[in-house]
2 protein chains.
Amino acid sequence: MNLPLHEKIRSEIEADILTGVRTPGSRLPTEHDLMQQYGCSRMTVSKALSALAGGGLIERRKRAGSFVARPKAHSMMLDIPDLEQEIVQRGQRYRFELSERTIVPPGTPQAREAGLAEEGELLMIAGVHLADDVPLACELRLVSLAAVPEMAAQPFDDDSPGAWLLKHVPWTEAETRIASVAASTGVAAQLKLSVGAPCLFVERRTWRGSEGITQVRQHFVGSAYSLVARFGPAKRAPGS
Amino acid sequence: MNLPLHEKIRSEIEADILTGVRTPGSRLPTEHDLMQQYGCSRMTVSKALSALAGGGLIERRKRAGSFVARPKAHSMMLDIPDLEQEIVQRGQRYRFELSERTIVPPGTPQAREAGLAEEGELLMIAGVHLADDVPLACELRLVSLAAVPEMAAQPFDDDSPGAWLLKHVPWTEAETRIASVAASTGVAAQLKLSVGAPCLFVERRTWRGSEGITQVRQHFVGSAYSLVARFGPAKRAPGS
DNA sequence: CAGTGGTCTAGACCACTGA
DNA sequence: CAGTGGTCTAGACCACTGA
């Protein structure tokens with residue numbers, strides 16, 4: 001139990017909230033009260049309360065004080081793991097099979113729809129992710145060559161384009177849409193499913209600043225893949 | 001531009017990272033350097049750098065300094081909106097139709113699987129969420145009456161159990177699994193789909209502290225519903 | 001072993017806002 | 001208008017760890 005003091009204060013108040021000792025809407029002691037209670041300076045108390053406020057557990061209002069927050073339609077953390085890493089962790093062998101690779105000229109409706117640079121060529125890549133040589137997902141990806149010129153020279157005979165991008169191109173914003181769709185003829189053929197089989201459809205677009213980097217559409221075999229999202233209180237300090 | 005100084009420092013460094021002026025792996029000035037550069041105290045610099053580290057944009061290492069982080073398989077924020085709210089925002093009318101409501105005795109395999117209290121009755125609720133009287137999703141929910149005794153007295157003739165729980169029971173942890181499945185006979189009947197039609201399947205369990213509150217399994221009409229997750233840099237200060 | 005970040009102090013002035 | 005949180009200062013001691 002060698003926690004910093006601000007961490008100790010934070011976790012004690014957190015525990016009070018989680019166990020119901022402090023109920024939603026109730027007022028916390030003021031920073032001044034907590035200073036005296038813990039015999040520390042106001043900065044230390046403030047750091048603890050700011051962390052709780054950042055985690056959504058409390059709300060701070062000037063003149064009024066700090067209050068236990070009422071639970072909301074929380075956002076949850078969705079892990080978007082690297083597919084290769086996930087397959088290897090399952091104890092399976094990963095392979096990416098490239099099936100198509102084309103340069104798309106600038107200004108096509110396709111590029112505009114993807115939200116990528118309108119003034120530059122795009123690289124279009126299609127392929128299948130295999131686990132022990134069984135198709136798990138297929139993807140169709142567009143990459144802005146204006147943003148990532150090095151991409152044009154990559155072979156992708158074994159490494160997936162997604163993994164390469166993750167390693168080499170810093171991105172700062174991303175949006176993912178998740179849906180359930182029936183396998184089209186093309187998807188069914190790639191994934192060796194029957195047409196109409198349920199697939200988890202994931203569409204992701206990433207940006208660096210305001211510049212679009214890539215858009216990818218993935219179809220996962222519905223019976224073999226799921227995503228997990230979690231919400232929990234602020235990370236516990238190690239050993240707590 | 002009336003930002004606090006620590007916020008100004010943070011956003012300037014953030015901008016340098018996003019625009020590529022500072023590249024992944026490169027070293028930032030030390031806290032001491034930044035103190036002099038901005039003419040402020042170390043606490044102020046530290047606050048800015050801590051915020052960047054919390055957002056995953058930089059990594060701080062003792063003795064070595066602070067470095068621009070290399071992009072990782074970031075987690076994304078998944079909005080789990082209240083279904084009623086979402087339907088109303090689409091301009092449609094929301095209704096929850098209760099189809100079943102049973103008390104499940106303690107100790108059944110069902111309860112154990114749901115991870116709910118083994119020593120207490122569970123309330124089982126089934127129903128359909130309708131948008132303009134068209135089924136959008138069906139759900140099967142188990143609620144621990146040990147954790148939420150008031151639940152037994154609720155009618156749920158109009159309000160959904162999920163919305164009621166959200167309003168009345170603070171929860172602190174949740175886990176959601178998302179998959180794509182084919183509609184079973186029962187699901188197809190409730191959603192007025194053909195058997196085998198793709199459905200977005202969402203299973204969520206919530207806890208208060210270590211006490212299980214509820215488990216819910218929802219099937220969404222695949223063609224009518226999708227989820228969106230986002231990742232972005234730390235929230236911008238208002239007006240920045 | 002020296003430089004770096006982690007934490008903390010004991011103050012200060014201020015903006016905001018609800019009693 | 002007084003109490004609250006937001007911010008900031010100018011120091012301090014310490015733990016860690018890579019040059």
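Chain letters run A, B, ... following the sequence lines, proteins first and then strands; every chain starts at 1.
- For DNA chain D, the residues of residues 26-35 of chain A within the heavy-atom distance limit of 4.0 Å (strictly under) are R27(A), T30(A), E31(A), sorted by number.
- With a 4.5 Å cut-off on side-chain heavy atoms, V148(A) and W164(A) count as touching.
- Residues that satisfy the side-chain contact (heavy atoms from CB on, under 4.5 Å) test with A15(B), not counting sequence neighbours, are absent from this structure.
- Side-chain polar atoms of Y225(A) and Q218(A) form no donor-acceptor pair below 3.5 angstrom.
- Residues satisfying the salt bridge (Lys or Arg N to Asp or Glu O under 4.0 Å) criterion with R141(A), sequence neighbours excluded, are E139(A).
- The residue L5(B) sits close only to the backbone: its heavy atoms come under 4.0 Å of sugar-phosphate atoms, none of a base.
- The phosphate of dT9(C) has OP1 or OP2 within less than 4.0 Å of a side-chain N or O from T44(A).
- Remark: E86(A) pairs with no residue by the salt bridge (Lys or Arg N to Asp or Glu O under 4.0 Å) rule, at least two apart or across chains.
- Rounded to an integer number of Å, the gap from L49(A) CG to dT4(D) P is 13 Å.
- Screening residues 16-25 of chain B for salt bridge (Lys or Arg N to Asp or Glu O under 4.0 Å) gives D16(B)-R22(B) as the qualifying pairs, with residues at least two apart or on separate chains.
- Qualifying salt bridge (Lys or Arg N to Asp or Glu O under 4.0 Å) partners for R63(B), counting only residues two or more places apart in sequence or in other chains: none.
- In this structure R177(A) satisfies the side chain to side chain donor-acceptor pair (under 3.5 Å) test together with S226(B), sequence neighbours excluded.
- With sequence neighbours excluded, no residue forms a side chain to side chain donor-acceptor pair (under 3.5 Å) with S50(B).
- With sequence neighbours excluded, the residues satisfying side chain to side chain donor-acceptor pair (under 3.5 Å) with D33(A) are T30(A).
- R61(A) has no side-chain polar atom (N or O) that falls below the 4.0 Å cut-off from OP1 or OP2 of dT17(C).
- Under the salt bridge (Lys or Arg N to Asp or Glu O under 4.0 Å) criterion, R42(A) pairs with E31(A), not counting sequence neighbours.
- Mapping G39(A) and G65(B) onto DNA chain C by nearest heavy atom places G65(B) closer to the 5' end of the strand.
- Taking a pair as Watson-Crick or G-U with both hydrogen-bonding distances under 3.5 Å, the stems of three or more pairs touching DNA chain D are C:1-18 with D:1-18.
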Using a cutoff of under 3.5 Å, can you pull out all pairs of nitrogen or oxygen atoms linking the protein to nucleotides 10-16 of chain C, with atom names and distances?
| from | atom 1 | to | atom 2 | distance (Å) |
| --- | --- | --- | --- | --- |
| dA12(C) | N6 | R42(A) | NH1 | 3.1 |

